[in-house]
Amino acid sequence: MSTIDKTLSILADLVSYPTVSSESNLEMINYLSDKIESIGGKVDVMTTADNKQANIFATIGPKIDGGIVLSGHTDVVPAKELGWKSDPFKLTQKDELLYGRGSCDMKGFIASTLATAEILKNKKLNFPIHFSFTYDEEIGCFGARHLSEELKKYKFKPAMVIIGEPTSMEVIEAHKGDCEYTTCFHGKEGHASNPEKGLSAIQYGSLFTNKLFELASELKERTPNDSPFDPPWSTIQAGKIEGGVAHNVIAGQCSIDWEMRPVNNEDLQFVKNNISKYCERELLPEMKSKFLEAKIETEVIGEIPGLIPKEENQARVIMQEILKSNSTGVISFGTEAGIFQQMNMDVVVCGPGSIDQAHKANEYISLSELEKSNECLLKLFNQWIERIN
């Protein structure tokens, strides 16, 4: 069986697992474990406390410093969009396109990795190749955070990471962070005819939202001169506001879902510090003066660090050599890359397929993109087999 045929067979299996974010991925994890062990890999399974989710961190070769990690996430977004022309959880080929939820984001890369890694079987490696497959990336990179804590306990540390998110096989070395929050205002319900006897949570939620957009304007003035992003500044959005029960009832509750995409950690801290001070020094004292039990609570949904370009990046060098490319790019979506970078590893994002085909009905990946991925990984593995320093 050819490498591409193996890739398609594995991808069909992977797509058949409905690993929607926050649902169990254990069946797929068991499948991946068996595949990696069959080619000589040593597999660690990291299970959550409720035993519903798990990461895999696997190694082929010696467990020493200096290895490279091939990383992907096992979860997918829900397939609830209208317009699907085939079963989202059954890989369907039409001409050169392969349809199915996760085919592009990012089970195609995982399938390519497993199919090509078969050449490592019975090979003696001087440096390790690791495989990292995580859970719940789509809703906050929770699996990668879990993995990062577990890797701290290991006696060895990988040097490089390739995140196989869909970039059309372009080498990516930067993306913004992705930080999501829900802020809840707790006031006091009352009849609308007598506002002084209640406390409108919507009123203070609105003031909070206005402050967010004031800070968003200030962020434009903080734009780094060398920012590679579009737009080049950090951004803030309030995506959802909920509160109240009726036209004639003072709203006792209000919640705001908001997010920030920082270009650097300084901007993130600037916003968090300023919005916190605004709540503590202005909004909350005024609310409590009218209703002592008033509260403002913020829940951190997820804080995904950005991927910061580095002058020295061995992962970039290796991938550019393999792909015969002198350029790198940036992306607008978040990945797990920043979490690995925080562990002092060199990181790039590079994988088959386009993000434009992901997260929508009839998600697909092209056969040509999988073939490019296979070619790239085979070159990488052959290079690694020969690696002596």
Is a donor on one side and an acceptor on the other found under 3.5 Å between the side chain of [X] and the backbone of [Y]?
X: Thr48; Y: Gln53; result: yes
X: Ser9; Y: Lys6; result: no
X: Glu173; Y: Arg316; result: no
X: Ser276; Y: Asn273; result: no
X: Asn25; Y: Met28; result: no
X: Asn30; Y: Leu26; result: yes
X: Ser234; Y: Val263; result: yes
X: Ser327; Y: Ser325; result: no
X: Ser21; Y: Val76; result: yes
X: Thr328; Y: Ile172; result: no

Atom [atom1] in [X], atom [atom2] in [Y]: separation rounded to 0.5 Å?
X: Asn126; Y: Trp384; atom1: CG; atom2: CH2; answer: 11.0 Å
X: Leu8; Y: Leu367; atom1: CG; atom2: CG; answer: 6.0 Å
X: Ile331; Y: Ile355; atom1: CD1; atom2: CD1; answer: 7.5 Å
X: Leu32; Y: Phe133; atom1: CG; atom2: CZ; answer: 6.0 Å
X: Asn248; Y: His191; atom1: CG; atom2: NE2; answer: 5.0 Å
X: Cys141; Y: Asp136; atom1: SG; atom2: CG; answer: 9.5 Å

Would you indicate whether the side-chain heavy atoms of [Y] and [X] approach each other to under 4.5 Å?
X: Met287; Y: Ile296; answer: yes
X: Thr182; Y: Ile301; answer: yes
X: Phe208; Y: Ile241; answer: no
X: Cys376; Y: Leu323; answer: yes
X: Val330; Y: His175; answer: no
X: Leu219; Y: Met260; answer: yes
X: Ile129; Y: Thr59; answer: no
X: Ser103; Y: Glu363; answer: yes

Are [Y] and [X] linked, directly or through intermediate hydrophobic residues, by side-chain heavy-atom contacts shorter than 4.5 Å (ILVMFWY only)?
X: Ile39; Y: Leu114; answer: yes
X: Phe156; Y: Val43; answer: no
X: Met106; Y: Val20; answer: no

Would you indicate whether [X], at its atom [atom1], is surrounded by more than 12 heavy atoms from other residues, nucleotides or ligands within a distance under 6.0 Å?
X: Glu242; atom1: CD; result: no
X: Asn326; atom1: CG; result: no
X: Lys52; atom1: NZ; result: no

Worksheet entry | Check against side chain to side chain donor-acceptor pair (under 3.5 Å), Asp5 and Ser2 | CA-CA 5 Å; Asp5 287 338; Ser2 69; 3.0 Å; yes

Worksheet, complete the sentence: Which of Ile256, Leu199, Leu284 passes side-chain contact (heavy atoms from CB on, under 4.5 Å) with Phe185? Answer is Ile256

Worksheet, complete the sentence: side-chain contact (heavy atoms from CB on, under 4.5 Å) test vs Ile68 passes for just one of His130, Gln383, Met345, Met160, namely Met160

Discussion item. Is there a side chain to side chain donor-acceptor pair (under 3.5 Å) between Tyr181 and Asp257? Walk through the geometry before answering.
Written reply: CA-CA 6 Å; Tyr181 310 91; Asp257 293 345; over 6 Å; no

Which heavy atom of [X] sits nearest to which heavy atom of [Y], and what is that distance?
X: Gly108; Y: Leu370; answer: O-CD2, 3.6 Å
X: Pro158; Y: Phe57; answer: CG-CZ, 4.1 Å
X: Cys104; Y: Ser354; answer: SG-O, 3.1 Å
X: Met319; Y: Val348; answer: CG-CG2, 3.9 Å
X: Lys123; Y: Ile385; answer: CG-CD1, 4.0 Å
X: Ala58; Y: Ile36; answer: CB-CG2, 3.7 Å

Is any NZ, NE, NH1 or NH2 atom of the basic residue among [X] and [Y] found under 4.0 Å from an Asp or Glu carboxylate oxygen of the other?
X: Lys379; Y: Glu375; result: yes
X: Glu369; Y: Lys372; result: yes
X: Lys121; Y: Glu118; result: no
X: Asp178; Y: Arg261; result: yes
X: Lys310; Y: Asp346; result: yes

Would you check if there is a donor-acceptor pair between the side chains of [Y] and [X] at a distance under 3.5 Å?
X: Thr19; Y: Asp75; value: no
X: Ser227; Y: Trp233; value: no
X: Ser112; Y: Asn374; value: yes
X: Asp105; Y: His73; value: yes
X: Glu165; Y: Thr335; value: no
X: Tyr135; Y: Asn55; value: no
X: Thr134; Y: Glu336; value: yes

Worksheet item: Does Arg101 make a cation-pi contact with Phe89 (under 6.0 Å, within 45 degrees of the axis)?
Response: no

Worksheet item: Centre of Tyr278's six-membered ring, under 6.0 Å away, within 45 degrees of the axis: is that where NZ or CZ of Lys211 sits?
Response: yes

Worksheet entry | Step-by-step side chain to side chain contact (heavy atoms under 4.5 Å, CB included) determination, Ile236 to Glu259 | CA-CA 6 Å; Ile236 298 175; Glu259 64 131 46; over 6 Å; no

Item to complete: Sequence neighbours left out, what pairs pass ring pair (Phe, Tyr, Trp, His ring centres under 6.0 Å) with at least one residue falling in residues 350-372?
Response: Tyr99-Tyr364

Worksheet entry | Where at least one partner belongs to residues 25-42, residue pairs that pass salt bridge (charged side-chain N to carboxylate O under 4.0 Å, His left out), sequence neighbours excluded | none

Fill in: side chain to side chain donor-acceptor pair (under 3.5 Å) between Glu297 and His186, worked out
CA-CA 8 Å; Glu297 298 175 321; His186 304 271; 3.0 Å; yes

